[in-house]
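Each remark here refers to the structure printed beneath this line.
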Amino acid sequence: MTIWYHLVQCNGYIGGPWIAGLPTFVGTSTYYGIKFLLFDEISKLIDCSNTIYDISMPMDIRNATAGLFSGVLANCLTHPNNCVRKRMQTSHVCHALDIQSEYKAQKYWQTAMTLWKEGGVRRFYRGLVINLCRNGPNTALQFMVYKRLQQMWNVQ
């Protein structure tokens, strides 16, 4: 509550607590759209490969594999937005609480430009590997369970 209160005091009721709300909404929507699109396409590729090489892959393994790759690829595409969003959130919280930080509280494009000056394209992908180690297996499990439940409830 202390952080929420200080953010409201510094930036108002709308701007304060929701300082990175729009980048979060846009990034999450884009991530899930890409993830589901890629899941369907990767599932088709797996099915084609199974037909060509006469392989019988269990449905759960197929869905987990397609989920893993779709999650990893979607994460790679949307990670730059996450870097900007996280920097915005961190810098605004530090500013609101009067914590000394090298980060200056800025808007989205100013934060993106600051990150660019810090390290170019590579800076936008800092932390990606550890994020993929968490996200890949998580997405594989999500799609495996999702498709299994869809099958159990006969939903297409």
Side-chain angles (χ1 to χ4, degrees), residues 1-46 62-153 155-156:
M1 282 311 277
T2 302
I3 294 172
W4 186 279
Y5 174 76
H6 286 292
L7 284 170
V8 168
Q9 293 299 311
C10 288
N11 300 316
Y13 285 101
I14 302 297
W18 311 107
I19 199 72
L22 185 60
T24 300
F25 174 74
V26 170
T28 303
S29 301
T30 304
Y31 168 74
Y32 279 99
I34 292 170
K35 186 168 79 168
F36 274 88
L37 174 77
L38 288 174
F39 175 80
D40 288 338
E41 294 305 313
I42 292 169
S43 294
K44 291 175 190 173
L45 285 173
I46 291 172
R62 170 193 167 267
N63 292 332
T65 303
L68 175 90
F69 285 110
S70 66
V72 165
L73 290 170
N75 214 307
C76 288
L77 292 171
T78 59
H79 194 73
N81 179 66
N82 284 343
C83 285
V84 175
R85 177 182 61 83
K86 289 174 187 175
R87 171 67 67 88
M88 286 176 68
Q89 290 168 336
T90 303
S91 62
H92 282 277
V93 166
C94 289
H95 174 71
L97 296 176
D98 286 329
I99 296 172
Q100 291 295 326
S101 173
E102 63 184 82
Y103 306 137
K104 182 180 173 189
Q106 299 172 315
K107 303 267 187 216
Y108 188 87
W109 291 112
Q110 289 84 16
T111 303
M113 291 307 298
T114 300
L115 291 174
W116 179 264
K117 289 174 188 170
E118 286 179 12
V121 173
R122 292 188 70 176
R123 175 58 188 93
F124 288 98
Y125 286 93
R126 190 180 296 169
L128 177 65
V129 173
I130 194 69
N131 202 21
L132 293 178
C133 289
R134 174 191 61 83
N135 182 273
N138 180 34
T139 307
L141 188 60
Q142 282 177 354
F143 273 106
M144 188 176 73
V145 170
Y146 169 72
K147 294 306 262 183
R148 175 60 71 176
L149 290 174
Q150 211 176 31
Q151 180 191 33
M152 282 174 38
W153 295 331
V155 177
Q156 293 300 325

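- Using a 3.5 Å distance cut-off with no hydrogens or angles, the side chains of Lys86 and Gln89 do not pair a donor with an acceptor.
- Under the salt bridge (charged side-chain N to carboxylate O under 4.0 Å, His left out) criterion, Arg148 pairs with Asp60, sequence neighbours left out.
- Here the CG-CG distance, from Leu132 to Asn138, works out to 12.0 Å after rounding to the nearest 0.5 Å.
- When all heavy atoms are compared, the tightest approach of Asn63 to Phe39 is O-CE1, 3.4 Å.
- Between Asn135 and Asn75, the shortest heavy-atom contact is CG-ND2, 3.1 Å.
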Next item on the list: Let me see the working for Arg85 and Asn82 under side chain to side chain contact (heavy atoms under 4.5 Å, CB included), right down to the final yes or no.
Entry: CA-CA 5 Å; Arg85 177 182 61 83; Asn82 284 343; 3.3 Å; yes
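- Rounding to the nearest 0.5 angstrom, the gap separating the CG atom in Leu38 from the CG atom in Leu73 is 5.5 Å.
- Pairing each heavy atom of Gly67 with each of Thr139, the nearest pair is O-CG2, 3.1 Å.
- Within a 6.0 Å radius of CD1 in Ile130, no more than 12 heavy atoms belonging to other residues, nucleotides or ligands are found.
- Taking all atoms of both residues into account, the shortest heavy-atom contact from Val26 to Thr30 is O-OG1, 2.7 Å.
- Within the 3.5 Å criterion, the main-chain N or O of Met88 finds a donor-acceptor partner in the side chain of Ser91.
- Between the OG atom in Ser70 and the OH atom in Tyr31 there is a gap of 7.0 Å [rounded to 0.5 Å].
- Gln106 CD to Met113 CE: the interatomic distance, rounded to the nearest 0.5 Å, is 10.5 Å.
- Within the 3.5 Å criterion, the main-chain N or O of Pro23 finds a donor-acceptor partner in the side chain of Asn81.
- In this model, no donor atom of one side chain and acceptor atom of the other lie less than 3.5 Å apart for Asn131 and Tyr125.
- Atoms NZ and CG, from Lys35 and Asp40 in turn, are 12.5 Å apart once rounded to the nearest 0.5 Å.
- Once rounded to the nearest 0.5 Å, the distance linking CZ of Arg87 with CZ of Arg123 reads 5.0 Å.
- Ring geometry, Trp116 versus Phe124: the interplanar angle falls from 30° to 60°, so the pair is classed tilted.
- Summarising the geometry of Leu128 relative to Cys76, their closest heavy-atom pair is CD2-SG, 4.1 Å, with the distance given to 0.1 Å.
- Across every non-hydrogen atom of Ile34 and Thr78, the tightest pair is CD1-CG2, 4.2 Å.
- For Lys104, there are no salt bridge (charged side-chain N to carboxylate O under 4.0 Å, His left out) partners at least two apart in sequence or on another chain.
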